[in-house]
Amino acid sequence: MRDYKNYTVWQDGHQLTMIIYNLTKHFPKEELFGLTSQLRRATSSVPTNIAEGCGRESDADFRRFLIMAHGSATEVEYLLFLSFELEYTSKEAYEDFTEKIVILRKQLRKLIEKLK
């Protein structure tokens, strides 16, 4: 059995989740059940899927959960772009987070390919 906490990609995903939770505290209240909720769920889905995949028995199952984590990371990238377009985030916050999520997506792709 794998320990998800030992994976850098999980650690980075968790850190990005914490950043998003702090960032969305400042979103408009009318977005609480809309964009705020969706962005938080998508972001937390990344480390959650990695952790769940680590609890599976086979490399194939682990890989399947990494693919779902990658999809969630892509969703986060778009939702943050939308947040920027709606002027809920600063350009600096948007660019900084986008750089981090792109790196995370590359880490996930690398691990997915390794498990083929």
Side-chain angles (χ1 to χ4, degrees):
M1 173 125 37
R2 300 169 176 93
D3 182 356
Y4 63 89
K5 291 179 184 174
N6 290 334
Y7 284 86
T8 302
V9 70
W10 177 86
Q11 295 166 7
D12 292 350
H14 175 70
Q15 287 303 314
L16 291 179
T17 301
M18 297 303 293
I19 291 168
I20 285 296
Y21 267 78
N22 285 321
L23 182 69
T24 56
K25 284 181 188 177
H26 307 291
F27 279 19
K29 294 297 177 208
E30 66 266 16
E31 289 292 354
L32 185 60
F33 299 106
L35 188 56
T36 300
S37 175
Q38 184 68 20
L39 189 50
R40 287 178 173 186
R41 283 184 289 118
T43 305
S44 64
S45 178
V46 175
T48 299
N49 274 302
I50 295 166
E52 187 171 354
C54 283
R56 300 299 172 138
E57 295 295 321
S58 70
D59 284 353
D61 279 343
F62 184 36
R63 184 174 183 274
R64 187 169 52 88
F65 279 91
L66 292 174
I67 290 168
M68 287 188 279
H70 186 270
S72 293
T74 304
E75 179 182 2
V76 169
E77 188 176 358
Y78 166 69
L79 291 171
L80 194 65
F81 173 72
L82 178 60
S83 301
F84 173 68
E85 290 283 298
L86 293 170
E87 299 180 353
Y88 297 163
T89 61
S90 68
K91 183 176 183 177
E92 180 180 285
Y94 166 69
E95 289 175 348
D96 182 54
F97 191 86
T98 298
E99 181 180 324
K100 288 178 168 100
I101 200 75
V102 167
I103 290 169
L104 182 68
R105 288 179 59 215
K106 288 178 183 177
Q107 289 173 318
L108 284 164
R109 290 292 341 149
K110 188 175 181 181
L111 189 51
I112 289 165
E113 291 301 315
K114 184 178 177 182
L115 292 169
K116 272 191 171 177

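Positions are given from 1, in the same order as the sequence printed here.
The two residues Ser83 and Leu35 come nearest to each other via the heavy atoms OG-CD2, 3.4 Å. The two residues Leu23 and Thr89 come nearest to each other via the heavy atoms CD2-CG2, 3.6 Å. Across all their heavy atoms, Lys25 and Lys29 have their closest contact at O-NZ, 4.4 Å. In terms of heavy atoms, Ser90 sits closest to Ala93 at OG-N, 3.0 Å. When all heavy atoms of Ile50 and Tyr4 are compared, the pair lying nearest together is O-CB, 4.5 Å. For the pair Ser72 and Ser45, the tightest heavy-atom approach, listed with the atom from each and the gap, is OG-OG, 3.0 Å.
Under the 4.5 Å side-chain criterion, counting only non-hydrogen atoms from C-beta, Val76 is in contact with Phe97. Using a 4.5 Å cut-off on side-chain heavy atoms (C-beta onward), Ile101 and Leu80 make no contact. Residues Lys100 and Asp12 have side chains not in contact (no heavy-atom distance under 4.5 Å, counting atoms from C-beta outward).
A ring-centre distance under 6.0 Å is found for Phe62 and Tyr7.
Counting only distance, with no hydrogens or angles, the side chain of Thr43 and the backbone of Arg40 share no donor-acceptor pair below 3.5 Å. Ser44 places a side-chain N or O within donor-acceptor distance of the main-chain N or O of Arg41, the cut-off being under 3.5 Å. Panel note: side chain Asn6, backbone Arg2; no donor-acceptor pair is recorded below 3.5 Å.
Of the charged side-chain nitrogens involved, none lies within less than 4.0 Å of a carboxylate oxygen, so that Lys110 and Glu113 do not count as a salt-bridged pair.
Counted within 6.0 Å of CD on Glu87, heavy atoms from surrounding residues, nucleotides or ligands total 12 or fewer; the atom is thus considered open.
The aromatic rings of His14 and Trp10 sit parallel, their planes meeting at an angle under 30°, below the 60° perpendicular limit.
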